[in-house]
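Since the structure comes first, as structure tokens, the remarks are kept for the end.
If you read the sequence from its start, that first residue is 1, and numbering goes on from there. Just so you know, these numbers use all the heavy atoms, side chains as well, and skip hydrogens, waters and symmetry mates.
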Amino acid sequence: MGKVYYVSKNVGLGVLMLGTLALAIIIALSIAYDKERAKNRSKPGDGVTDSTSMPILPTTPSAPKETWDHYRLPDSFIPISYAVTLWPRLVPNDDGMYIFTGHSTVVFRCVKETNLILIHSNKLNLTIFNEQLAKLSALGEHTAPAIAKSWLVSKTQYLVLQLRKSLTVGRSYILYTEFQGELADDLEGFYRSEYVEDGVKKIVATSQMQATFARKTFPCFDEPAMKAVFNVTIIHDRGTIALSNDSLIDGIAIRITTFEPTERMSTYLLAFIVMFCSSIVTLHYLKNIRIWARRKAIDDRQGEYALNVTGPILHFYEQYYNARYPLSKSDQIALPDFNAGAMENWGLVTYRETALLYDPSYPQQETKRELLLSSHMNLLTWYWFGNLVTLRWWNDLWLNEGFASYVEYLGADYAEPTWDMKDQIILYDVHKVFAVDALASSHPLSCLEDEVNTPAQISEMFNTISYSKGAAVLRMLSEFLSEPVFARGLSSYLNTFAFGNTVYTDLWDHLQQAVDNTPGLHIPHSVHDIMHRWTLQMGFPVVTINTQSGSITQKHFLLDPDSVVERPSQFNYTWFVPIKWLKTGVDQMTTSGSDWVLANTNVSGYFRVNYDLENWDRLLSLLNTNHKALSVINRAQIIDDAFNLARAKIINTTLALRTTKYLSNERDYIPWESALRNLNYYILMFDRTEVYGALQAYMKKQIQPLFEHFRSITSNWTKVPEGHTDQYNQINAIGVACSMDVEGCRELTKSWFRQWMQNPMHNPIHPNLKSTVYCNAIAFGGTEEWDFAWKMFKNATLASEASRLRGSLACTKTPWLLNRYVWHPDLQDYKYLYGTQSISFTHSLICTYKHSNIHTPVKQSLGATWGFKAAVCRNYVLSNCKIALTVTRH
């Protein structure tokens, strides 16, 4: 029998009044939101670009006339091996340029008769031999045809060799080139990075070959399917270390380093690095594992966490894939300046410092460790799914990127089982891509090969759809097949195509074989038929369940219901939807009395769910009385579904806001994070209107219990919460409480920041809380706080600390300080603005100044956000709307 609780009449009346007040605020906010939204829909001629509309396609160009006018290589050759020697100069030449020189030999086999050789080469100065740009010879006793003519094609990035006779099918040939290139600071190909250590500028020669930048380093057949073995030699200065994909063979006076031949691999996975660095090493299952970084970072033990988890991660993947790791070593290196964040070069993974290094002096800094672990898991899974077996062409990029994004959660859960990492895919991938894939301008996961040709088109494939939707649909596939069946199909796929190339349907074949070989497993359609609807058409459905009649329907979900979908679908935007559900009462979709239905349990499917109003009311009643009856991720999904259904005008805004009423009793991170992401949209809409006061009061009421909860479990902020996700939610509690002016919060953050200002050599702020505390202290402080943060940013030796401080400087609400931030000479590289952590920064900046007067590069760095926020500012502030007065009268 359940316990019975009694309350006094006065307490009961008080609770009733608070509940009534909250409901009134919700209704008022929903009315204000609907009116503001209607008023502020963009109109033609208002000067703001609709960032969600389909781009106007250019006129179709005429068909290429010559072979070298095509961006794709002809299928005449198969590369076998390369011998590449590179010599980067880490000091400028007499012209003030940093350069590298080198020579390359590629052995290839002719498979189709031709008198034309095309090989990629971009921005390289090639040495001339007998009036030609290369030398050609035959392997063995045969003679190669003479080169009649050679030239470079800049548009398609080819070195073209016209031969006097055709090459013979089946024979192998050797192409030799010598070249010089610029060791530029453009973050592409073989490039230069710089950092300052102990007041001395250091130069690093490093590389980023993905997707089409190997050709900028040496002439090569630069396509994923053109796998070959690479023999690498690097000439470098004494005192520096040279690294490449495989283990080194020898070094002569530490000036010439030769590496073992690689496994058969694609050009985009090559890596070359010359750097003043050191390493730590361990041996795991006879594999050398090394972490490389600046010597000071290694001396400070910042690579130890990465070293400790790499071995277990590799072991987990070997077991999961049932496929061994084929290389003799795994190097990972932290680079001071690396645009890609991280890159899965086979045997030599490159990272930004912030993605690999971890300060062990703060052992409870689990939020930082999670970022490192996730990055590790993502990059190392590529050793199998991407490097061992590689996509044939970039149109199927989603399979590799999506798979890495999904499996990283499984590996992280293995490495840190108490962190509940599997649940976090809902926040960081599923909800993230829902927002993009619900637009009429979205695109399918996979497309035809001939739709992706140019380097620019290839770069466009590296997007949220490829990464996060790929992860979401593969997770859904794993859920309805079951993880063991999914893993068996993967193992078969990887072992069948090892060191080769595939298309995505090859994976469906092997998963279908796993299904067919599993007794008792039956799926309603083939894997091909089910997955084609998720990969060959854009978007996803909203599934509507009527619990009164038991009917279930689906419809293409669009965030803007008035948008026009111009992209046709062979499946008419319908999907085979695997639905799991939970309910009270008997096992069917119809309900009666207080019974409720919850569909998409644990968010195993990639779709949104809507219900009849009666079932919505029952679910909200359950949240308000016993929210833990539902899983953490389903509580988050109810909130996210409701808010997005409201934005799509499928349900009313009042219903969406009612999903947040129970939050005063919520203590878990994932539901709170889901709610705040959705409520931030309303905060942005209203923070410069008279409605904001009502919204702030409601938010303050909801967040205060969470703030007090963390004050209690941390013994008045003196301890770190034990739970991993609790550490994240503490950040939410403090950040939102300060923004909503919860008593004691702003004083708390300012006192911590003031203690640091008084003793700059000792920072009392825990790393978990630094970004939040810095931002709030600067937002509610003045010039003194901003100047101090600027000074500490300039003197920061840790990349992660510099990043936090740089983002926090944008939190100031003082217009002239924002202006100073934008125009400071040390921030004229506008990529700093693009990475800022402050949502309010661009809003405040635009609303403070007429956006036509802001320097064009700033607007470009903010991208689509600029146009949206400019519209928000103009429509919500400059129109001087008085919606709040209307709301008050209600």
(Q) Using a 6.0 Å distance limit plus a 45 degree cone around the ring axis, check whether Arg324 lies over the aromatic ring of Trp384. (A) no
Q.
With salt bridge (Lys or Arg N to Asp or Glu O under 4.0 Å) as the rule and sequence neighbours excluded, what pairs involving residues 387-396 come up?
A. Arg392-Glu449
Q) Does any N or O in the side chain of Glu416 come within less than 3.5 Å of the main-chain N or O of Ala412, such that one atom is a donor and the other an acceptor? A) no
Q) Taking the six-membered ring for Trp, are Phe218 and Tyr82 parallel (under 30°), tilted (30 to 60°) or perpendicular (over 60°)? A) perpendicular
Q: Would you mind checking if Lys329 and Asp331 are paired as a salt bridge, meaning a charged N to carboxylate O distance below 4.0 Å?
A: yes
Q. Any donor-acceptor pair under 3.5 Å linking the side chain of Thr217 with the backbone of Phe190?
A. yes
(Q) Quick check on the 6.0 Å ring-centre criterion: do Tyr606 and Phe434 meet it? (A) yes
Q: Using the six-membered ring wherever Trp is involved, compare the ring planes of Tyr358 and Tyr305 and label them parallel, tilted or perpendicular (cut-offs 30° and 60°).
A: tilted
Q: Indicate yes or no: does Glu223 engage Arg72 in a salt bridge with an N to O separation below 4.0 Å.
A: yes
Q: Quick one: which residue pairs count as a salt bridge (Lys or Arg N to Asp or Glu O under 4.0 Å) with a foot in residues 471-491, not counting sequence neighbours?
A: Glu479-Lys580
Q. Can we call the ring centroids of Phe230 and Phe259 under 6.0 Å apart?
A. no
Q) Which of parallel (below 30°), tilted (30 to 60°) and perpendicular (above 60°) describes Phe108 and Phe221? A) perpendicular
Q) Rounded to the nearest 0.5 Å, how far does CG of Leu536 lie from CG of Leu445? A) 9.0 Å
Q | Tyr325 ring center within less than 6.0 Å of Tyr383 ring center | A | yes
Q) In terms of ring plane angle, is the pair Phe316 and Tyr320 parallel, tilted or perpendicular, where the classes change at 30° and 60°? A) parallel
Q. Relative to the ring of His724, is the ring of Tyr728 parallel (under 30°), tilted (30 to 60°) or perpendicular (over 60°)?
A. perpendicular
Q) Looking only at atom types and distance, does a side-chain atom of Ser207 sit under 3.5 Å from a main-chain N or O of Phe272, one as donor and one as acceptor? A) yes
Q. Aromatic ring centroids of Phe385 and Tyr493 under 6.0 Å?
A. yes
Extract all donor-acceptor atom pairs below 3.5 Å that involve side chains of residues 456-464 and protein atoms in other chains or at least two apart in sequence.
residue : atom : partner : partner atom : Å
Gln457  : OE1  : Asn453  : N            : 2.7
Gln457  : OE1  : Thr454  : N            : 3.0
Ser459  : OG   : Pro455  : O            : 3.1
Asn463  : OD1  : Ile465  : N            : 3.1
Asn463  : OD1  : Ser466  : N            : 3.0
Asn463  : OD1  : Ser466  : OG           : 3.4
Asn463  : ND2  : His443  : NE2          : 3.0
Asn463  : ND2  : Glu460  : O            : 2.8

Q | Cation over ring face, Arg264 and Phe499, 6.0 Å, 45° | A | no
